[in-house]
Amino acid sequence: MTIGTLLRRYGTLIGFALILVIFWVNLPETFMTARNWLNITQQLSMLMVVASGMTIVMVMGDFDLSVGSAASLAGIVAGLLFTLGYPVWMVVGAALLIGLLGGAFNGVLVSFVGILPFVATLATLTMFSGAAFVLSGGKTISGKAIPESFSNFARGGIPLGDIGGVAVTLPNLTIVALLAVFGVWVLLEQTTFGRRLYAIGGNIEAAYLSGVAVRRLKLIAFSLTGLSAAGAGLMYASRVASANPTQGSGLMLNAIAAVFLGMTMSEQGAPRILATVVGVLILGVLDNGLTQLSVDSYIRQILVGGIIVLAVAASSITKRSRR
């Protein structure tokens, strides 16, 4: 195996290992601890859910730019319904329905109207963001309007006992993220639906000629992505016990970056949900370590942008090398 082949196959994992070693050496007392890693998983839980949904559409060669604003809109809808006195189960259901319908709208624009995903989801990004600002009046919904039963969910978890003399709890948000990853893994890797999505991503015309219902599958895929965005919006609202019309603004960029990072670990350059999980972890560990080292947030943004460029370049090189 040549060095070039080694780097194409395992370069991302090698880079991840180097990041871990660097932070472990510079933060020996705080970085590689059970509490810090559980904190990382909780911080990443919203991104993990959105990236899982993003993987579904990117399997088809599409993407969704509206997931961040959809998450914000879902959170605002939940906050408004709480102020009107609706119970938690009804609020959660309504917010998830908003995300599902928003994703379905994207699916209609892309698969039935024929608008390019970039244009369609860029337009709905603006629409969902505007709707969130209109409904909230540009203000954060917080205080007594958010019931404790809703906000306490993000603070709770399953006790894991003492690890190293410290009581450790597996956060509820981490559990939700793991369930989302498992659900998408089953959907993409264990069902005919998932195999057909990969067929669409491989060659959409061949998939159509072989009898795959391309339009219907794209509609479902975008709907599921919208649902995942709404779920992330609810998770964020529960975590901070408030709803803000800009709370999901950073999710879209990081979700796409995570999927592209995962794609560099595939010889075919195709999105895989477990590889996306690694991509999310790379971004989360990088952010956590740099934060502990007191690196400015703007520098972290530059690094994320650089990671996206490297991930896309590596994915393109991998695909060209197979031709």
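Everything numeric in this text was worked out from a predicted model, so none of it was measured. Heavy atoms only: backbone and side chains are in, while hydrogens, waters and symmetry mates are out.
The side-chain tip of R215 does not point at the ring of Y208 from less than 6.0 angstrom away and within 45° of straight on.
In terms of heavy atoms, L234 sits closest to A95 at CD2-CB, 3.7 Å. Closest non-hydrogen pair, P271 versus V259, comes out as CB-CG1, 4.0 Å. Taking every heavy atom of both residues into account, R155 and A241 meet most closely at NH2-CB, 4.0 Å.
Applying the side chain to side chain donor-acceptor pair (under 3.5 Å) rule to S149 yields no partners; only residues at least two apart in sequence or on another chain are considered. The side chain to side chain donor-acceptor pair (under 3.5 Å) search around T30 returns Q292, not counting sequence neighbours.
Note on I204 and F193: same hydrophobic cluster, where clusters join Ile, Leu, Val, Met, Phe, Trp and Tyr whose side-chain heavy atoms are under 4.5 Å apart, directly or indirectly. No continuous path of hydrophobic side-chain contacts links L227 to L178 [ILVMFWY only; heavy atoms under 4.5 Å]. Neither V295 nor V25 shares a network with the other; the hydrophobic side chains, linked directly or stepwise wherever heavy atoms of I, L, V, M, F, W or Y lie under 4.5 Å apart, form separate groups for each. One hydrophobic cluster, built from ILVMFWY side chains closer than 4.5 Å, cannot hold both L27 and I22; they sit in different ones. Residues V134 and L101 do not share a hydrophobic cluster, defined by chaining ILVMFWY side chains whose heavy atoms lie under 4.5 Å apart.
In this structure, T291 OG1 and Q43 CD are separated by 7.5 Å, a value rounded to the nearest 0.5 Å. For the atom pair CD1 (I273) and CH2 (W185), the distance works out to 11.5 Å, reported to the nearest 0.5 Å. For the atom pair E189 CD and Y198 OH, the distance stands at 4.5 Å (nearest 0.5 Å). To the nearest 0.5 angstrom, F133 atom CZ is 10.5 Å from S69 atom OG. Distance check, rounded to the nearest 0.5 Å: CZ of F23 to CD1 of I19 gives 6.5 Å. The CG atom of L122 sits 6.0 Å away from atom CG of L125, with the distance rounded to the nearest 0.5 Å.
Few gaps surround CD on Q190; more than 12 heavy atoms of other groups in view lie less than 6.0 Å from it.
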Pair L65, I256 - check side-chain contact (heavy atoms from CB on, under 4.5 Å), show working.
CA-CA 9 Å; L65 300 180; I256 293 176; 4.0 Å; yes

side-chain contact (heavy atoms from CB on, under 4.5 Å), that's the test. Do N244 and Y236 meet it? Break it down for me.
CA-CA 10 Å; N244 186 285; Y236 189 90; 5.8 Å; no

One pair to check against side-chain contact (heavy atoms from CB on, under 4.5 Å): F31 and L20. What are the steps and the verdict?
CA-CA 9 Å; F31 181 71; L20 292 177; 4.0 Å; yes

Show your reasoning for whether side-chain contact (heavy atoms from CB on, under 4.5 Å) applies to M90 and L81.
CA-CA 9 Å; M90 190 176 294; L81 292 178; over 6 Å; no

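Ring planes of F63 and F118: perpendicular class, angle over 60° (limits at 30 and 60°).
In this structure, the side chains of T121 and L109 stay at 4.5 Å or more apart for every pair of heavy atoms. Between N288 and N39 there is a side-chain heavy-atom pair separated by less than 4.5 Å. No side-chain heavy atom of F150 sits under 4.5 Å from any side-chain heavy atom of V91. You'll find the side chain of F222 reaches within 4.5 Å of the side chain of D62, heavy atoms only. Using a 4.5 Å heavy-atom cutoff, the side chains of W37 and M32 are in contact. Looking at heavy atoms from C-beta onward, L261 lies out of side-chain contact with V278 at the 4.5 angstrom threshold. Using a 4.5 Å heavy-atom threshold, the side chains of F112 and L219 count as touching. You'll find the side chain of M60 stays beyond 4.5 Å of the side chain of V110, heavy atoms only.
Of the candidates D64, V280, L251, N254, L251 is the only one forming a side chain to side chain contact (heavy atoms under 4.5 Å, CB included) with V50.
In this structure a side-chain-to-backbone donor-acceptor pair under 3.5 Å is present from S238 to A154. In terms of modelled atom types and a separation under 3.5 Å, the side chain of T225 and the main chain of M54 share no donor-acceptor contact. Under a 3.5 Å cut-off, the side chain of T33 and the backbone N or O of E29 do not form any donor-acceptor pair.
For the residue pair N106 / T124, a side-chain donor-acceptor distance below 3.5 Å is found, with atom types taken as modelled. In this model, a donor atom of one side chain and an acceptor atom of the other lie less than 3.5 Å apart for T276 and T55.
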